Amino acid sequence: MTSTRLRSIVVAGGGLKGWLAASYLRRLLGPGVAVTLVQAKAELLPPAVAAPPSILSTFRLLGIEESTVLRECGATFRCATRIEGPSSDGALLPFYGAPDAPVDLIGVPFFPVTGRGFSTVDFWKRSLCHGRRVPFQRTQPLLEAFFRDHLAPRARPDAPRHGAAPAFGYHLDTVGLVGVLRDRGTKLGVEFVAEAVGGVEHDERGRLTMLRTASGRCVPGDLFVDCTGPEGSIHRAAGGTRSAGPAHQRCDRFVAVELPVADREDVPTYSTVGAMEQGWRLSIPLADRVVSVLTFDSRYADARDAEAALLATMGESSGAEIGSGSVASGRSSDPWTNNCVAIGTAASAVDDFQGTQLLMLGFQLAGIVRHLSGTQDDAHRAGIYNREVVAMHDAIEDFITAHYLTVPTPDNAFWREVRAAATPSARLAARLEAFDQGITTNCSSAGDPSELFDARSYALLLSGMGREPRAYPPILDHLDLEPFAQLRREQALRATRLAAELPTHAQYLRGLVPV
């Protein structure tokens, strides 16, 4: 095996994921590695995306200013997802990736494996069993204040700082975002080949050596990154495989419509998800319009029916259809095969109403950089990367499956078929049982992909959908709970102070507060 320095990367696939991948790799690997983007047929995405907080660090890495994002992408802040449920409140899910801080009741570590304290979820379970029947989100004062008062997650520059606001991402216009990434990638030195991929060539060991464009141009490379969408044609040519998604993820098409914002003073800082007769609806508020996306099963509905249903939920009989396309599901167990890495939906796809596709893309790109070595055929590093990506996919898929198992759905043929097929994985079943039985949860899982969605995330979803635990950790009856009471007082005070110092979302967006 010959050890060689990586000198060139070829990214196959344009659009959002291709330009993000090319710009990211060019920025981190520097001018010593040539990055070429070949404009294969871009994956058709919904016209707006709900980006997670990880997008902020990506923008900072690439040197993209927030003011540019707000201006070019019609952006609004995204601090949570609201899941429509049996009550008017539904479930309000702040962002994953920020585990619930453990509450230490005895001053020393006492769970050497599972953590060093209790989750606030455990105390909520106890109060619930003692007769205080409120949804978990009502016990989160910062969450309640933030969304009750429609606050922006950025403070005024001259305001006193009483603590950080909730983590946030953005709602972004897809076309605008692609333009921003393309401009930045070009400035970073990404070479752009505006031709479709016509084929690939291999060496005697099965490694890719070059892409051939439709006109016959040859684009050689050391490493190939497949961003061609669920088709994953480059990855398949390198020997990669892909398995189907869960049986209950039956929506295979989407349609999107948009309407102007009715009240610019009341633009929410959350996207909204709900079940309709045809499938899942995701509503994304941009600065000047609302984009609603309906994913549906083409066996039960067509695009015309889906569009009419969407407009009905928006109180309109007509609007602008601005996108339609296919919905991917499934994953590859070997996204890094030989010298080709499949990323985005070419490697992993689940229902994206939580904005996890961009989260997964960032995770994959960081993993590529972390596991690159001087040996281009380093199967050991590729194997570690593959296990990490599969673990992240499974964690996301579990959380999305929990929506299928808990969110109220219409009683029609489509949803009856979906409910009959919805089966939790062994890990998800164990997590749901732990929630029901009040088993003490792990509070120290930050950074573990398998624990991306912690006890707090599940408690917000499940309690928002009307599911209540039947027990709580009995050890809480034997300990002094004053440290928890003190924490609650501090949280309430912090929420009050933040509410006083933060501008409203509308004030920030219209420029009354400097960016």
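None of these values were measured; they are calculated from a predicted model.
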One should read off an interatomic distance between L310 CG and S283 OG, to the nearest 0.5 angstrom, of 9.0 Å

Can you classify the ring geometry of Y404 versus F353 as parallel (below 30°), tilted (30 to 60°) or perpendicular (above 60°)?
tilted

Value for OG (S425) from CD (E397), rounded to nearest 0.5 Å, stands at 8.0 Å

message = Please check if the number of heavy atoms outside R416 that lie under 6.0 Å from its CZ is greater than 12.
response = yes

**OP:** Run the numbers on S243 and R331 for side chain to side chain contact (heavy atoms under 4.5 Å, CB included), then give the verdict.
**Re:** CA-CA 6 Å; S243 59; R331 66 170 168 83; 4.3 Å; yes

task: Keeping the roles fixed (side chain from S23, backbone from L20), state whether a donor-acceptor pair exists under 3.5 Å.
output: no

Q) Which word best sums up how the rings of H505 and F77 line up, parallel for under 30°, tilted for 30 to 60°, or perpendicular for over 60°? A) tilted

Looking at R253 and A303, would you say the former's side chain and the latter's main chain have a donor-acceptor pair under 3.5 Å? no

> Is the backbone of S119 close enough, under 3.5 Å, to the side chain of D122 for a donor and an acceptor to pair up by distance?
Replying inline: yes

Hey, mind stepping through R78 and T81 against side chain to side chain contact (heavy atoms under 4.5 Å, CB included) and telling me if it holds?
CA-CA 8 Å; R78 177 182 181 235; T81 301; 2.7 Å; yes

- Query: Any sub-3.5 Å donor-acceptor pair from D302's side-chain atoms to R304's backbone N or O?
  - Reply: yes

Here the gap from L286 atom CG to L172 atom CG, rounded to the nearest 0.5 Å, amounts to 8.0 Å

_I'd like to know if E388 pairs up with R370 as an ion pair, taking the criterion as any Lys NZ or Arg NE/NH1/NH2 lying under 4.0 Å from an Asp or Glu carboxylate oxygen._
yes

**Prompt:** Any Lys/Arg nitrogen of E468 or K125 sitting under 4.0 Å from an Asp/Glu carboxylate oxygen of the other?
**Reply:** no

Task: Step-by-step side-chain hydrogen bond (donor to acceptor under 3.5 Å, both in side chains) determination, T409 to R419 - done: CA-CA 9 Å; T409 57; R419 287 192 293 268; 2.5 Å; yes

- prompt: Is any side-chain heavy atom of L461 less than 4.5 Å from a side-chain heavy atom of F136?
  reply: no

When you measure from the side chain of Q249 to the backbone of V350, do you find a donor-acceptor pair of N or O atoms at a distance under 3.5 Å?
no

Checklist entry - Between R250 and A247, is there a donor-acceptor pair closer than 3.5 Å when you use the side chain of the first and the backbone of the second? => result yes

Could you tell me whether the side chain of T406 reaches within less than 4.5 Å of the side chain of I83, counting heavy atoms only? no

Side chain to side chain contact (heavy atoms under 4.5 Å, CB included) between R236 and T241, intermediate numbers included:
CA-CA 6 Å; R236 287 205 320 274; T241 61; over 6 Å; no

Quick one, E144 with Q140, criterion side-chain hydrogen bond (donor to acceptor under 3.5 Å, both in side chains). Give me CA distance, side-chain angles, the key distance, then yes/no.
CA-CA 6 Å; E144 285 287 287; Q140 307 291 296; over 6 Å; no

Looking only at heavy atoms, the pair that brings A12 and I234 closest together is CB-CG1, 3.8 Å

Pair R299 + E417: basic N to acidic O under 4.0 Å: yes

Is the number of heavy atoms from other residues, nucleotides or ligands under 6.0 Å of E65 CD greater than 12?
-> no

What one should report as the nearest heavy-atom pair of C251 and T295 is SG-O, 3.4 Å

ask   = Between K17 and D226, is there a salt bridge with N-O shorter than 4.0 Å?
value = no

**Message:** I'd like to know if the side chain of R184 reaches the main chain of L62, judged simply by a donor and an acceptor atom lying under 3.5 Å from each other, with no hydrogens or angles considered.
**Reply:** yes

Look at the side chain of S348 and the backbone N and O of T345, then say whether any donor-acceptor pair between them is shorter than 3.5 Å. no

**Q.** NZ/NE/NH1/NH2 to OD/OE distance under 4.0 Å, D398 and R427
**A.** yes

Heavy-atom nearest pair, M360 first then V389, reads CE-O, 3.3 Å

Got L61 and T58 here, is their nearest side-chain heavy-atom distance under 4.5 Å? no

Distance col, row S457:OG vs Q354:CD, nearest 0.5 angstrom, shows 9.0 Å

For W336 and N386 the tightest heavy-atom approach is N-OD1, 2.8 Å

One should read off an interatomic distance between H150 NE2 and Q507 CD, to the nearest 0.5 angstrom, of 12.5 Å

Smallest heavy-atom separation, D149 atom then A499 atom, equals OD2-CB, 4.0 Å

| said: So does M276 get a backbone contact from the side chain of W415, meaning a donor-acceptor N/O pair under 3.5 Å? | reply: yes

Give a yes or no on whether the backbone of A48 and the side-chain of D173 come within a donor-acceptor separation of less than 3.5 Å. no

Residues H403 and L93: closest non-hydrogen pair is NE2-CD1, 4.2 Å

Between P408 and M465, is there a side-chain heavy-atom distance shorter than 4.5 Å? yes

CG of L428 to CZ of F399, rounded to nearest 0.5 Å, is 10.0 Å

Original post:
side chain to side chain contact (heavy atoms under 4.5 Å, CB included) between W19 and Y24: does it pass, once the steps are laid out?
Top reply: CA-CA 8 Å; W19 277 107; Y24 184 100; over 6 Å; no

